[in-house]
2 protein chains.
Amino acid sequence: MNEHVHPSADLTKNQSLVMGALTKSDGPLSAYTILDQLREHGFRAPLQVYRALDKLVEFGMVHRLESLNAFVACRHPDCDDHETIAFMICETCGLVSEISDNALANRLKLLAGETRFALKKTTIELRGICRNCQTA
Amino acid sequence: MNEHVHPSADLTKNQSLVMGALTKSDGPLSAYTILDQLREHGFRAPLQVYRALDKLVEFGMVHRLESLNAFVACRHPDCDDHETIAFMICETCGLVSEISDNALANRLKLLAGETRFALKKTTIELRGICRNCQTA
DNA sequence: CGCAATCTTGTAATGAGATAACGTCACATC
DNA sequence: GATGTGACGTTATCTCATTACAAGATTGCG
Ligand SMILES: [Zn+2]
Ligand SMILES: [Zn+2]
Ligand SMILES: [Zn+2]
Ligand SMILES: [Zn+2]
């Protein structure tokens, strides 16, 4: 049905290990943090992590956060639109939430269209303090 | 009147040199590219560049592009809103254009407000091919 | 002026993020 | 069995950014 879906059963060993590390984590992880966590499983070099991450991002299972140089497991409530996702990143607790908003996506497409800009990829990252961390 | 304005007259020597390099450039420059360009002016270490860049970004004269790890001189048509700027980055020619769109900014503020997220900084970077580069 | 506070600079070393280049192995296909 | 493909392992190297420490310059008093 959907050729983009890539169930975890199809993941290679290294990809599964990296995916597992990201899924277990509360927040985003850097490639080198993942590497350290997986040394006990035989990982020795950054490239092993980066290669797995490349695939996982390609499969849509992991997102890269440009403003953090880090990666996070997809926690989409519903994975329709992987084109225009906004991330809210709490600078206190590291919580990352994904927003897929049509109005936002349409506005961006409109703005790009006005100047005939062929949009390929959008990066939207909101930095701030999440609700929980404010009360503290 | 506006304490955020920081005219170029007030810039230090290093800040002026870095600002000059960015202004002369067509597109964004990495810190190390700037360093290389300024070696003839006495620059020896990355930190000299990064310190100047920090200030220039603080003054609102330079923007950092997170998805490129690079910096670009502000080319705002009108510098009202430095809070919510969107960048369109051509992956072919490197052209960067800034968009300050109220509808976009308001939508993001609304989305943040819905979850009581205290928004501090937004990063919006659109990657694609600009009008000129498509015809080619 | 004398002195402290602050800001800017210079320099070296190091940390953090990412890729290039090479060879090997497992597996599917013909 | 030859061949193509994709994942894997290893080393080295590259790019990006910061820490730590010392030296000058500048400002603002008392
Ligand atoms: Zn997602
Ligand atoms: Zn939080
Ligand atoms: Zn600007
Ligand atoms: Zn272009």
Side-chain angles (χ1 to χ4, degrees), chain A residues 3 6-22 25 27-59 61-72 89 91 94 123 125 127, chain B residues 3 6-22 25 27-59 61-72 89 91 94 123 125 127:
Chain A
E3 60 274 60
H6 197 108
S8 46
D10 290 9
L11 295 180
T12 68
K13 186 184 165 213
N14 284 4
Q15 288 162 13
S16 294
L17 286 167
V18 170
M19 192 66 209
L22 285 170
S25 168
L29 298 177
S30 77
Y32 276 72
T33 303
I34 295 172
L35 173 60
D36 285 339
Q37 291 187 12
L38 295 181
R39 284 196 191 279
E40 52 191 299
H41 295 289
F43 274 52
R44 315 290 320 247
L47 202 48
Q48 298 176 285
V49 179
Y50 282 109
R51 287 205 267 232
L53 285 172
D54 282 349
K55 285 297 179 186
L56 293 171
V57 168
E58 185 185 322
F59 300 154
M61 302 171 70
V62 166
H63 301 293
R64 176 187 167 82
L65 300 175
E66 302 286 352
S67 66
L68 293 179
N69 291 332
F71 301 82
V72 68
I89 304 169
E91 292 181 337
T123 299
E125 299 181 11
R127 308 284 291 266
Chain B
E3 61 276 62
H6 197 107
S8 46
D10 291 8
L11 295 180
T12 68
K13 185 184 165 213
N14 283 3
Q15 287 162 13
S16 295
L17 285 167
V18 170
M19 192 66 209
L22 284 170
S25 168
L29 297 177
S30 78
Y32 277 71
T33 303
I34 296 172
L35 173 60
D36 285 338
Q37 291 187 10
L38 295 181
R39 283 196 190 279
E40 52 191 298
H41 295 287
F43 273 51
R44 317 289 321 249
L47 198 49
Q48 299 176 284
V49 179
Y50 281 109
R51 286 204 269 232
L53 284 172
D54 283 348
K55 286 296 181 185
L56 293 171
V57 168
E58 185 184 322
F59 300 154
M61 302 171 69
V62 166
H63 302 293
R64 176 185 167 82
L65 299 175
E66 302 286 352
S67 67
L68 292 180
N69 291 332
F71 300 83
V72 68
I89 304 167
E91 293 182 335
T123 299
E125 299 180 11
R127 307 285 292 268

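If you're wondering where the values come from, they're calculated on a predicted model, not measured in any experiment. Here is the naming used below: chain letters follow the sequence lines, and residue numbers restart at 1 for every chain.
- Between A:Asn14 atom CG and D:dT10 atom C1' the separation is 14 Å, expressed in whole Å.
- For the pair A:Val18 and A:Val62, the minimum side-chain heavy-atom distance is 4.5 Å or more.
- Residue B:Leu29 contributes atom CG, which lies 13 Å from atom P of D:dA17 at whole-angstrom precision.
- Contacts between residues 39-54 of chain A and DNA chain C, defined by a heavy-atom separation below 4.0 Å, involve A:Leu47, A:Tyr50, listed by number.
- Using modelled atom types, one finds no donor on one side chain facing an acceptor on the other under 3.5 Å when comparing B:Arg127 with A:Thr123.
- Under the 3.5 Å distance criterion, with hydrogens and angles disregarded, a donor-acceptor pair is assigned to the side chains of A:Ser67 and A:Glu125.
- Here C:dA16 presents its P atom at 14 Å from OH of B:Tyr32, a figure rounded to the nearest Å.
- Put simply, CG on A:Leu29 and CG on A:Leu35 are 12.0 Å apart, with the number rounded to the nearest 0.5 Å.
- Remark: B:Thr12 is not in phosphate contact with C:dT8, judged by side-chain N or O atoms under 4.0 Å from OP1 or OP2.
- Distance A:Asn69 CG to D:dC14 C1': 15 Å, rounded to the nearest Å.
- A sub-4.0 Å separation between OP1 or OP2 of C:dA18 and a side-chain N or O of A:Arg64 is present.
- To the nearest 0.5 angstrom, B:Met61 atom CE is 4.5 Å from B:Met19 atom CE.
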* Asked: Is there a side chain to side chain contact (heavy atoms under 4.5 Å, CB included) between B:Ile34 and B:Leu53 once you walk through the steps?
  -> CA-CA 10 Å; B:Ile34 296 172; B:Leu53 284 172; 4.3 Å; yes

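- Atom pair B:Leu68:CG and D:dA17:P shows a separation of 11 Å (rounding to whole Å applied).
- Between the CG atom of A:Leu35 and the C1' atom of D:dG9 there is a distance of 13 Å, given to the nearest Å.
- Atom NZ of B:Lys13 is separated from atom P of D:dA25 by 12 Å (rounded to the nearest Å).
- Taking atom CD of B:Gln15 as the reference point, atom C1' of C:dG10 lies 15 Å away to the nearest angstrom.
- Using a 4.0 Å cut-off, some side-chain N or O of B:Lys55 falls inside it from OP1 or OP2 of C:dT8.
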* To do: For the pair B:Arg39 and B:Asp36, evaluate salt bridge (Lys or Arg N to Asp or Glu O under 4.0 Å) and give the outcome as yes or no after the intermediate values.
  => CA-CA 5 Å; B:Arg39 283 196 190 279; B:Asp36 285 338; 3.2 Å; yes

